[in-house]
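Report on the structure given below.
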Amino acid sequence: MLAYVMVGTNDLDRSIRFYDAALKPLGLSRTENEADYAGYSSKETPAIIEFYVTKPFDGQPATVGNGTMISLSPNSLAALDDFHAAALASGGKDEGKPGPRPTDANVHYAYVRDPDGNKICACHELPA
């Protein structure tokens, strides 16, 4: 069970611009903004932060983990596509265009890297 997800950044303002755009199609918006971090929540539960972007607490540079990926769950294929497009338009890099994996599957994925290099996935399963 997950309580929340957190990624590190070396440029909080840049990351806020990226995540404001990329998380909007997934139903998350920024509900908390401090000097060292920003938090994102859904409209249904604005007091529960589900995703954070932060400067590292130890003051060292933020780095990405090789093989580390965070997967978020959009409520539709359109939201998955919008996430990918918004992420690329706001400074992200394509890591896999939206589509089923494998090509005949009911599960669709879209992959991006945020401006700091964190790999973020959107994953949506169609009804069988």
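One side chain, Asp114 or Tyr19, offers a donor N or O that lies under 3.5 Å from an acceptor on the other. There is no side-chain donor-acceptor pair under 3.5 Å between His124 and Asn75.
Under the 4.5 Å side-chain contact rule for hydrophobic residues, Tyr111 and Leu28 do not share a cluster. Taken together through direct or relayed side-chain contacts under 4.5 Å among Ile, Leu, Val, Met, Phe, Trp and Tyr, Met69 and Tyr109 form part of one hydrophobic cluster. Put simply, Phe18 and Leu80 are part of two different groups of oily side chains (I, L, V, M, F, W, Y) that touch within less than 4.5 Å, one to the next. Tracing side-chain contacts under 4.5 Å through hydrophobic residues (I, L, V, M, F, W, Y), one reaches Phe51 starting from Leu26; they form part of the same cluster. Connection of Val5 to Ile16 is established within a shared hydrophobic cluster, with ILVMFWY side chains joined at heavy-atom distances below 4.5 Å, either directly or through further cluster members.
The two residues Ala21 and Ala86 come nearest to each other via the heavy atoms O-CB, 3.4 Å. Looking at every heavy atom in both residues, Asn118 comes nearest to Gly8 through ND2-O, 3.2 Å. Closest approach of Ala38 to Arg30, counting heavy atoms only: CB-CD, 3.8 Å. In this structure, Ala105 and Pro100 approach most closely via the heavy-atom pair O-CB, 3.6 Å. Looking at every heavy atom in both residues, Phe83 comes nearest to Ala110 through CE2-O, 4.0 Å. Minimum interatomic distance between Ala79 and Ser76 (heavy atoms only, all atoms of both residues): N-OG, 3.0 Å.
With sequence neighbours left out, the side-chain contact (heavy atoms from CB on, under 4.5 Å) criterion links Arg113 to Lys93, Glu95, Lys119.
In this structure, the side chain of Ser41 engages the main chain of Ile48 through a donor-acceptor pair within 3.5 Å. Asn10 places a side-chain N or O within donor-acceptor distance of the main-chain N or O of Ala62, the cut-off being under 3.5 Å. Checked by atom type and distance alone, the side chain of Thr9 pairs as donor or acceptor with a backbone atom of Asp11 at under 3.5 Å.
Side-chain contact between Leu12 and Asp36 is absent, with no heavy-atom pair separated by less than 4.5 Å.
At a threshold of 4.0 Å, the pair Arg14-Asp116 counts as salt-bridged, since one of the basic side-chain nitrogens sits closer than that to a carboxylate oxygen.
By the neighbour-count criterion of 12 heavy atoms within 6.0 Å, atom CG of Asp58 is densely surrounded, having more than that number from other residues, nucleotides or ligands.
Applying the 4.5 Å side-chain rule to ILVMFWY residues, one finds Met6, Tyr37, Ile49, Tyr52 in the same cluster as Tyr4. In this structure, Val64 shares a hydrophobic cluster with no other residue, the cluster being traced through Ile, Leu, Val, Met, Phe, Trp and Tyr side chains under 4.5 angstrom apart.
Annotation: the span from Ser29 atom OG to Lys43 atom NZ amounts to 7.5 Å, rounded to 0.5 Å. In this structure, Ser90 OG and Lys24 NZ are separated by 12.0 Å, a value rounded to the nearest 0.5 Å.
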Derivation and outcome, side-chain contact (heavy atoms from CB on, under 4.5 Å), residues Leu72 and Glu50: CA-CA 10 Å; Leu72 305 171; Glu50 299 177 39; over 6 Å; no
Steps toward side-chain hydrogen bond (donor to acceptor under 3.5 Å, both in side chains) verdict (His84, Asp94): CA-CA 8 Å; His84 191 262; Asp94 180 33; 2.8 Å; yes
